[in-house]
Amino acid sequence: MEVVIVPDAKSGGELIAEAMAQLLRRKPDALLGVATGSTPLPIYEALAAKVRAGAVETSRARIAQLDEYVGLPAEHPESYRSVLRREVLEPLGVGMDSFLGPDGTAEDVQAACEAYDRALGEAGGVDLQILGIGTDGHIGFNEPCSSLASRTRIKTLTEQTRVDNARFFDGDIGQVPHHVITQGIGTILEARHLVLLATGEGKADAVAATVEGPVAAVCPASALQLHRHATVVVDEGAASKLKLADYFRHTFVNKPDWQGI
C-alpha cells in the first residue's frame with residue numbers, strides 16, 4: 001500500500017479530492033464509495049469546491065454507502081442516508097437516483113444485506129472507496145476480529161459506540177439503534193481503489209498496526225495490505241508511530257507527477 005503523510009486534515013482532503021476529480025474526468029459515471037463521520041469531511045468539502053469552480057463535473061457520478069443503522073427510518077436526520085445527502089450528495093449536485101445504499105428498515109435484514117452486495121456488483125463495483133479508521137483499527141463497522149472475508153451483514157454496536165453516538169441523538173442513548181448494516185471487509189476489498197484518511201495522534205497506533213503490523217483480524221484495517229491499490233493518507237499526528245515514516249515521505253516526494261495516488 002502507499003502511505004502519504006500530509007501536514008494536516010485539509011491537505012489530506014485536498015489530495016484525495018483531486019484523486020476523485022481525476023477519476024471522474026476519466027470515468028464520469030464512477031461509483032464513489034463514501035463514509036460518514038468527521039474525518040472525511042475535508043474530502044467532501046474540497047471536492048464540492050472543485051464542482052463549484054467548474055473544475056470537475058459530477059452530474060453522472062454515483063454514490064455508494066458504507067453502512068447504515070438498522071431500524072432508523074431513511075428520512076430520520078441521523079440516518080446515514082440523510083447525513084450523506086446533506087454532506088455529500090447535495091454539495092456535489094448528485095441526486096438520490098444516483099445513490100446506492102442498504103435498506104436499514106427491511107423486515108428481512110439478512111436479505112437486505114445480500115441485496116446490497118448484489119447491487120454493488122451489478123452497478124459495476126465501487127471505483128474508489130473512502131474509509132476512516134477507528135482507534136481499534138475498525139473500518140466501516142467491522143470491529144476487531146471481524147472476518148477478513150466478511151460480506152455486507154448486520155452488526156451489533158458496542159455500548160461504547162452507542163454512548164459515543166448519543167451526541168447525534170440529543171444525548172439520549174435510548175434513541176441510538178443497537179444494530180447497523182455494514183459492508184464487510186471482503187466487500188470493501190472489492191473496490192478498485194481504497195483510500196483511507198486518518199488524522200490525529202489518537203489514530204497513530206491503529207495506523208501503525210494497519211500499515212506495518214501483520215494482517216490480522218484483530219486490526220480489520222490491516223486487510224488493506226492485501227489490496228492491489230490501497231492508499232493511506234495520514235497527518236503528522238496519525239503518522240507519529242510509523243517506523244518507516246521517512247521512507248514514506250521520500251517515496252511520495254519523488255514519485256512521477258503523472259502517477260497520482
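In what follows, every heavy atom counts, from backbone to side chain, and hydrogens, waters and symmetry copies are set aside.
From Leu194, atom CG reaches atom CG of Leu224 across 5.0 Å, with rounding to the nearest 0.5 Å. Annotation: the span from Leu89 atom CG to Met96 atom CE amounts to 6.0 Å, rounded to 0.5 Å. Leu47 contributes atom CG, which lies 10.0 Å from atom CZ of Arg52 (distance to the nearest 0.5 angstrom). Atom-to-atom distance recorded for Asp127:CG and Arg192:CZ is 4.5 Å, nearest 0.5 angstrom. Atom CG of Leu72 sits about 9.5 Å away from atom OH of Tyr80, to the nearest 0.5 Å. Rounded to the nearest 0.5 Å, atoms CD1 (Ile16) and CG (Leu128) are 8.5 Å apart.
Within the 4.5 Å cutoff, side-chain heavy atoms of Phe252 are placed close to those of Leu15. Counting only heavy atoms from C-beta outward, the side chains of Val215 and Leu226 approach each other to under 4.5 Å. Two residues are said to be in side-chain contact when any heavy atoms from C-beta on lie closer than 4.5 Å; Ile154 and Val70 meet this criterion. In this structure, the side chains of Thr199 and Val234 stay at 4.5 Å or more apart for every pair of heavy atoms. For the pair Gln110/Asp108, a side-chain contact is recorded, criterion being any heavy-atom separation below 4.5 Å from C-beta on. No side-chain heavy atom of Leu196 sits less than 4.5 Å from a side-chain heavy atom of Thr231. Contact of the Val126 side chain with the Glu190 side chain is not registered, since no non-hydrogen atoms from C-beta on lie closer than 4.5 Å. Taking the side chain as every heavy atom from C-beta outward, Leu32 and Met20 approach each other to under 4.5 Å.
Leu31 is not connected to Leu24 by any chain of hydrophobic side-chain contacts under 4.5 Å among Ile, Leu, Val, Met, Phe, Trp and Tyr, and they are in different clusters. In terms of hydrophobic clustering, with Ile, Leu, Val, Met, Phe, Trp and Tyr side chains grouped at heavy-atom distances under 4.5 Å, Val233 and Met1 are assigned to different clusters. Val109 and Tyr116 are assigned to two separate hydrophobic clusters, defined by single-linkage of ILVMFWY side chains at heavy-atom distances under 4.5 Å. Leu100 is not connected to Ile63 by any chain of hydrophobic side-chain contacts under 4.5 Å among Ile, Leu, Val, Met, Phe, Trp and Tyr, and they are in different clusters. When hydrophobic clusters are built by joining Ile, Leu, Val, Met, Phe, Trp and Tyr residues whose side-chain heavy atoms come closer than 4.5 Å, directly or via intermediates, Leu197 is grouped together with Val4.
Across Ile261 and Lys255, no two heavy atoms sit closer than the pair CA-NZ, 4.0 Å. Ser146 approaches Lys155 most closely through the heavy-atom pair OG-NZ, 3.6 Å. What you find for Pro7 and Asp235 is that their closest heavy atoms are O-CB, 4.2 Å. Considering every non-hydrogen atom in both Ala204 and Gly237, the closest pair reads CB-O, 3.6 Å. Arg25 and Ala55 make their closest contact through NH2-O, 3.1 Å (heavy atoms, listed as atom of the first residue, atom of the second, distance). Scanning both residues, Ala245 and Ala239, for their nearest heavy atoms gives CB-O, 4.5 Å.
If you check the side chains of Glu57 and Ser59, you find a donor sitting under 3.5 Å from an acceptor. A donor-acceptor contact closer than 3.5 angstrom is absent between the side chains of Asn254 and Arg249. No hydrogens or angles considered: nothing links the side chains of His76 and Ser82 as a donor-acceptor pair under 3.5 Å. Between the side chains of Ser11 and Asp8, at least one donor N or O lies within less than 3.5 Å of an accepting N or O.
Distance alone, capped at 3.5 Å, is enough to place a donor-acceptor pair between the Ser79 side chain and the Ala74 backbone. A distance-only check finds no donor-acceptor pair linking the side chain of Gln22 to the backbone of Gly260 [under 3.5 Å]. Between the side chain of Asp172 and the main chain of Gly174, a donor-acceptor pair closer than 3.5 Å is present. The closest donor-acceptor contact from the side chain of Asp29 to the backbone of Ala61 lies at 3.5 Å or more, if one exists at all. With Arg86 contributing its side chain and Arg81 its backbone, the two residues share no donor-acceptor pair below 3.5 Å. A donor-acceptor pair under 3.5 Å links the side-chain atoms of His227 to the main chain of Leu189, judged by distance alone. Remark: the backbone N or O of Ile185 is paired with a side-chain donor or acceptor of Ser150 at under 3.5 angstrom. A donor-acceptor distance shorter than 3.5 angstrom exists from the side chain of Gln183 to the backbone of Gln65, with no hydrogens or angles considered. The closest donor-acceptor contact from the side chain of Glu212 to the backbone of Lys243 lies under 3.5 Å. For Ser222 (side chain) and Ala216 (main-chain N/O), a donor-acceptor pair under 3.5 Å exists by modelled atom type.
With salt bridges taken as basic N to acidic carboxylate O contacts below 4.0 Å, none links Glu45 and Lys50.
Classification of the Phe169-Tyr69 ring pair by plane angle, with boundaries at 30° and 60°, yields perpendicular.
By the 6.0 Å contact criterion, CD on Glu107 is open, its count of non-hydrogen atoms from other residues, nucleotides or ligands being 12 or less. The number of heavy-atom neighbours closer than 6.0 Å to NE2 of His229, taken from other residues, nucleotides and ligands shown, is above 12. Atom NZ of Lys27 sits in a crowded spot, with more than 12 heavy atoms from other residues, nucleotides or ligands closer than 6.0 Å. Open room surrounds CD on Glu201; 12 or fewer heavy atoms of other groups in view lie less than 6.0 Å from it.
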Go through the steps for Arg151 and Glu114 under the test salt bridge (Lys or Arg N to Asp or Glu O under 4.0 Å), then give the verdict. CA-CA 8 Å; Arg151 309 300 303 179; Glu114 294 170 0; over 6 Å; no

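Residues that satisfy the side chain to side chain contact (heavy atoms under 4.5 Å, CB included) test with Ile173, not counting sequence neighbours, are Glu159, Arg162, Val163, Ala166.
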Atom pairs and distances, side-chain donor-acceptor, residues 36-44, under 3.5 Å, sequence neighbours left out:
| residue | atom | partner | partner atom | Å |
| --- | --- | --- | --- | --- |
| Tyr44 | OH | Ala35 | N | 3.0 |
| Tyr44 | OH | Ala35 | O | 2.6 |

Just distance, no hydrogens or angles: give the donor-acceptor pairs under 3.5 Å from side chains in residues 131-141, sequence neighbours left out.
| residue | atom | partner | partner atom | Å |
| --- | --- | --- | --- | --- |
| Asp136 | OD1 | His138 | N | 3.1 |
| Asp136 | OD1 | His138 | ND1 | 2.7 |

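The one candidate from Ile188, Thr182, Asp117, Leu66 that meets the side-chain contact (heavy atoms from CB on, under 4.5 Å) condition with Thr152 is Asp117.
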